[in-house]
Structure formats: structure tokens, C-alpha cells
There are 2 protein chains.
Amino acid sequence: MIRIVDVAREAQVSVATVSRTLNNSARVDPVLAERVRAAVQKLGYRPNAVARNLRRRGTQVWALIITNLNNPFYTAVARGVEDVASELGYSVLLCNTDEDQAKQDRYLEVAAMERVAGVILAPRSDDSDVSTVQDDQIPLVVVDRALRQPVDFVTAASFEGAVLATEHLLRQGWRRPACITRPADTATAEQRRLGYEDVMRRHGLAPVVRHVGFHAGGSAEMISALLAERDAPDAFLTIDSMLALDVLGGLQRAGLHSGRDVGVISFDDASWAPVVDPPLSVIAQPAYEMGAEAARLLARRVRSEGPAEPQTMIMSTTLIVRGSCRRPKR
Amino acid sequence: MIRIVDVAREAQVSVATVSRTLNNSARVDPVLAERVRAAVQKLGYRPNAVARNLRRRGTQVWALIITNLNNPFYTAVARGVEDVASELGYSVLLCNTDEDQAKQDRYLEVAAMERVAGVILAPRSDDSDVSTVQDDQIPLVVVDRALRQPVDFVTAASFEGAVLATEHLLRQGWRRPACITRPADTATAEQRRLGYEDVMRRHGLAPVVRHVGFHAGGSAEMISALLAERDAPDAFLTIDSMLALDVLGGLQRAGLHSGRDVGVISFDDASWAPVVDPPLSVIAQPAYEMGAEAARLLARRVRSEGPAEPQTMIMSTTLIVRGSCRRPKR
DNA sequence: TTGTACGCGTTATCAG
DNA sequence: CTGATAACGCGTACAA
């Protein structure tokens, strides 16, 4: 490996001068600077970031910890984070917890040990423990799912989105919409369920709620069973696009058609939503922008800018009406 | 920040003993070891990975550089890599190049500077420059898309998959299948096109090929135009699932139905494939396993095991027949 | 403006 | 088995 001293020797200057030219950290005689650059070129020198980080007592790396890389919502968030990060000169350590609390804890531990400059976390549960990074004063921005404790937080208006969706369903004439959601310790899912139940209550209707674990496998049976009940739901609100897929599959097996026999609406505007038949109505979240905003907020924290109190940023959701909620007159 | 010396003082031992107990690198008197562990606990000590990496002259981090985080194929690969990595005690630096050669080069540079232990790369083009990591002797495994030069490489049988797909189309009675593919410097896309053309030629049919750039926007128009031609294709083979979405959208706008008016088959078994109407036939790649195998191969390279010559691993693809290729008798 | 020398926090070597 | 100490490669006071 070729070190800074090698460059210094080649350029006939001191290591300090090499360091200074490479980091523009002080004025350097243009002649020497040129010699340094030539030597760097000639030797193919590449600064050792590890040593630099040790000396600087800090890295240029962020950790982004999400629960499911297969969820297009999170990959969109990740792209938002990544774009802003690379713009600002940070690298992103992307960690996938698989909705596993233990894995999440391990990643937080790794982040702390690697002395990352900041962490963006989509927590598994609303009482996830984040003391690992907090104790080390590592800036943390929570994204998507709220934590019980006050922290910097970027999310979408889940409750309102669910209200929008449920009201749209009822407006079309569906009377027994069900809400397919995720475990109750998932903040976002819970907000959506509450929004749904709120509308149902106001309309004097009985909520029908089903919770589906993340490591599915059972949701297909659950949906088929639900469809076979005596007072089966006549519509569905699913709180993420993977659950929408499950419901669509269930309808298919039952020989039912959305936009005709049942209404379907889901959170997240997946890329396939406009292409299924009929196209799926959705509550879209600005996923990419959420990631980008979380990143910008983190950047401010890393630079210790802005107010000290935790910031919360709630981005609005959009109802996109397609065909899957239609209810023909009968 | 709390350092190893603080622990040593608290436990009334030397730093060497602390280090040894924490790394199990040598026998330590159980009594002292217990005192160390107690001190670690009490002080909340967490080893500084940056310092460790400097001293050990190496990290426990891999870089995974892919072209598009939104492509479910690559997220599946990433999961495979990540699972094996975390099993083996490595962290993964996930980088998204957005099909941008310059971004890819920057990430390779970052990987080299961060002294990652290894790199897994899905290159933008078949003549991407990987000398940045090769010069520094950083083990490299290329995944999915081949490079012109010999390197460790894990991929799926693209040519054969395309042959399978095209023959299936013809078997159903379609006579003018078109191939919608990606730029010709994308090794995998090119293999698929060649497989398609090979079958067409053997059947004495004229190939119809369209290349679509990655930053789409134009593919919708292209497909609509293609559909409007005099001798419009009566079937489509798309080489990835995003192109399939484009084709399905085009058919929808043209009022055509797959599995009736046209046949459609695509590479990659996306999660939505079984749910569109009719369900989409596909050539499935073992994406997760490809990632896992690439990771295992990289792990061997990092440990300098196995033969020195570049290894190539070609995993087989599977034709999954659903409804989208059906051709009713007329 | 330049160079020398020390320290960042660990691990590994070498005496004891 | 333990402890003192020299690296690891870089950035930056401080002195020149």
C-alpha cells in the first residue's frame, strides 16, 4: 500500500504539505502543490479513509436502517437518502433488518462502533431502543414509523391518508370495508387503522380489522377465510402494497373482481398499480422526498445546525383514484 | 468518548488485557477477564472500529454496487448478499449507481479509500473500468452482468432463458414476437437479445428488437408506436420486469389484452406477476441465490481460498407459464 | 509558507 | 499469563 510519506518523498516535500494540498486546508505554494499532484498521479496514491477518520474522529458515513428492502416504499426512501447523501459527500451504509428487532439492535451497535456520522432509522416497533446511538451522541433521524420517545422524525400523514381512503370507499357505496394492517406496535400501521376506524365510527359502521405479520405466509389463508365469511367485507383498505398484492391474489382465487364485486384501495403507489386490471386506487406517499428530507435534516444535525428540540415533519399523502374502487349500480 | 484505557483503569489491568479479553485473542485469567467485562458493562464501553481497522489494516465491510435499487431483481440480489454477509460478520455498504458510469466510478473509488474487504459489482456496462479496486488487490465479484475481462462472476443463464421464452411464445402460435431490451453494452440484455434472435432465425422469422434506455420516459411512446405499425408484433419478450410494466401499460392504452390479442413474457418473477390479469408468464432468475453465491465466493476470496483463476457461476433460469402467453384458436 | 512531531484508539510484539 | 510500548496512516499544532 502506498502511503502519504511515499508521495512526500516523491514530491520532495513534507507529509504536511501533501496533506494540505490534498485537503485544501491551507495555502500551499502552487509549485509544490503541482509537484504533489504529479506524485499522487504517478504513484496512484489514494488516501486511507480509515486513518483519516481516526485522526478526524469521525467518518463521512451514514447508516440507513430499514426493515424491508423488498418493500418498494423503502427502496424509494433509500434512493432519496442516497441521492442527498452523495450530493453532500456522505456514503450510506444500508442495513436491512427484515423486521427483526435483534437485527436492528445489532445494526445500531455496528453503526455506533463504526462511528458513523449519523443514522436514519425506520424502526421495527414504536418502542425500539435507540439508546445505543443516542448515548454516543450520534445524530438520529427516524423515518416513516414513529417512536414513542421524542426524536427527529419524518413521516407521511398516515391517519389522514386512511381517512381519505375510507371515505372514498364509502362514497362509492361500499358498506363493509375491511382494513388489512400490520402488527399494532408498528406506528404507521396503527395510525392507518385508527384513521379507518374513525371514519367507520362516524358513519355508524362496524370496523373489520385484520393484522398480518411481516413474515407473511398466513395472509393468503386469512384473506380467503375472510372472503368466505357470512358478512364478508365488500371492500378492502390495505396499509401497504404487499398486502394489496395479497388481497388481489385472494380475490383472484375467489373469482371476485375489484372495481365490480369488491372495492380495493391501498397505501403506496407501487409501479404495478396502474397496470393491474382494473388499475389500483391508492394513497400515495412521497417516499423519495421523505428520504431526501430525512437526509437533509440529518445533515443539519450532523453540522449541529437548527433548533435543539426534535423536529417532526409530516408530509401529505395523495388519493389517486383509479378503477379498483368503482361500484357499479345494482 | 470512552476508550480502552478507561476500561483498563477501571478494571485495574493493562490495555493489552482488555483487548485480549474482548477479542479472545489469547488466554486470560478468568478473574481479570471478569473484571474487564464488568468494567466494560459499567462504563458502556464500545470498541472503536475505526481504530481497530487502522491497526488491523482492513475492515469488515463489503461494498455492494448495483445499478438500480428500484429493480426488484437487484433488491433480491442485495438481500442474498446481505444475509450471507451478516452471517459472516461483514457489513454491507450499499451503493446505487442509477446506471450512471461516473457514479459507479466514484463508488469504486470510495470503496478503495474506505479499504473495504471486498466488492460485489453489477457493472453499468461490459467494459466498465474496475482497475481502481484491482490495483489495490481488493477482491471483486461481478454479479449479473458480465465484464469483458476475466473476473469472478455470478450470473443466470440469460441466453438460454431467452431461448426458452421465445420458443414458448412460438409454440403458442405467435408469429411475430418482438424483443424489448436494454442498451447493447449491457451484457445480460445483450445475451437475452441473442437468445431471442437465435430462435427467430432457426424458425426463419425476422427478429424485431427495440432498445430502451434506463432512464425511460420514452418507452411508452415507443411501444405505442410499435403497436400501431402495419406488421405490429403479436407478442413481446421483455428482458426485465420494468419493461414488462411498460409493455402492459402500452397494451392497456391500445385496448389490447395479453393472453388473447398478444402474448407477453418477461424476465424476472416480480411479486406482481401472478396478480395481473392474466397472470404474467416469466423467466425467473434465482436472484436471492445469486446474491448469496456471489457473497460466498467473495468470502472465499477475502480469505484467499480456492483456485486463483477467476470463477464463473451460471445459475439456471426457470420458465413459469401463466396466462399471458396463451393464444386462443381463431 | 513549510516541516517536525505528536496523537487519534487499537492490536500485536516482546519481555517479564 | 500480563504489561509496556511500538506501530497502523493521517492531520495539525507549533515552531521555524
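So that the names make sense, note that chain A is the first sequence line, chain B the second, and so on, each numbered from 1.
For the pair A:Arg9 CZ and C:dG3 P, the interatomic distance rounds to 14 Å; values are reported in whole Å. Between B:Asn24 atom CG and C:dT11 atom P there is a gap of 12 Å when expressed in whole angstrom units. Put simply, CE on B:Met113 is 10 Å from P on D:dC10, counting in whole angstrom units. Between B:Arg20 atom CZ and D:dT2 atom P there is a gap of 7 Å when expressed in whole angstrom units.
The end-to-end axis angle of the helix from C:dT1-D:dA16 to C:dG16-D:dC1, rounded to 10 degrees and based on five pairs per end, is 40°.
With sequence neighbours excluded, no residue forms a salt bridge (charged side-chain N to carboxylate O under 4.0 Å, His left out) with B:Glu114. By the ring pair (Phe, Tyr, Trp, His ring centres under 6.0 Å) test, A:Tyr90 is found to be paired with A:Trp62, residues two or more places apart in sequence or in another chain being considered.
Rounding to the nearest 0.5 Å places OG of B:Ser86 at 4.5 Å from OH of A:Tyr107. Rounding to the nearest 0.5 angstrom, the gap separating the CG atom in B:Leu121 from the CG atom in B:Leu108 is 6.0 Å. In this structure, B:Ile120 CD1 and B:Leu297 CG are separated by 8.5 Å, a value rounded to the nearest 0.5 Å.
Residue B:Val50 is out of contact with every strand shown, counting any heavy-atom pair closer than 4.0 Å.
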Strictly under 3.5 Å: I want the nitrogen or oxygen pairs between protein and nucleotides 5-9 of chain D, one per line.
from  : atom 1 : to      : atom 2 : distance (Å)
D:dA7 : N3     : B:Arg55 : NH1    : 2.9
D:dC8 : O2     : B:Arg55 : N      : 3.4
D:dG9 : OP1    : B:Arg57 : NH2    : 3.4

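You'll find the side chain of A:Asn70 reaches within 4.5 Å of the side chain of B:Arg79, heavy atoms only. Side chains of A:Arg145 and A:Thr155 form no contact here, defined as non-hydrogen atoms less than 4.5 Å apart.
Residue B:Asn53 has no polar side-chain atom (N or O) positioned under 4.0 Å from OP1 or OP2 of C:dT10. Residue A:Thr17 has no polar side-chain atom (N or O) positioned under 4.0 Å from OP1 or OP2 of C:dT1. Applying the 4.0 Å criterion to OP1 and OP2 of C:dT4, one finds that A:Ser14 has every side-chain N and O outside that range.
Of the residues in residues 26-33 of chain B, those with a non-hydrogen atom less than 4.0 angstrom from any atom of DNA chain D are B:Arg27, B:Val28, B:Asp29, B:Leu32.
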Which side-chain N or O atoms in residues 302-309 of chain B pair as donor and acceptor under 3.5 Å with protein atoms at least two apart or in another chain?
from     : atom 1 : to       : atom 2 : distance (Å)
B:Arg303 : NH1    : B:Glu305 : OE2    : 3.3

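Scanning both residues, A:Ser25 and A:Ser19, for their nearest heavy atoms gives OG-O, 4.5 Å.
Side-chain contact of B:Glu109 with B:Thr132: a donor-acceptor pair under 3.5 Å is absent, judged by distance alone. Checking A:Tyr74 against A:Asn96 by side-chain atom types alone, no donor-acceptor pair falls below 3.5 Å.
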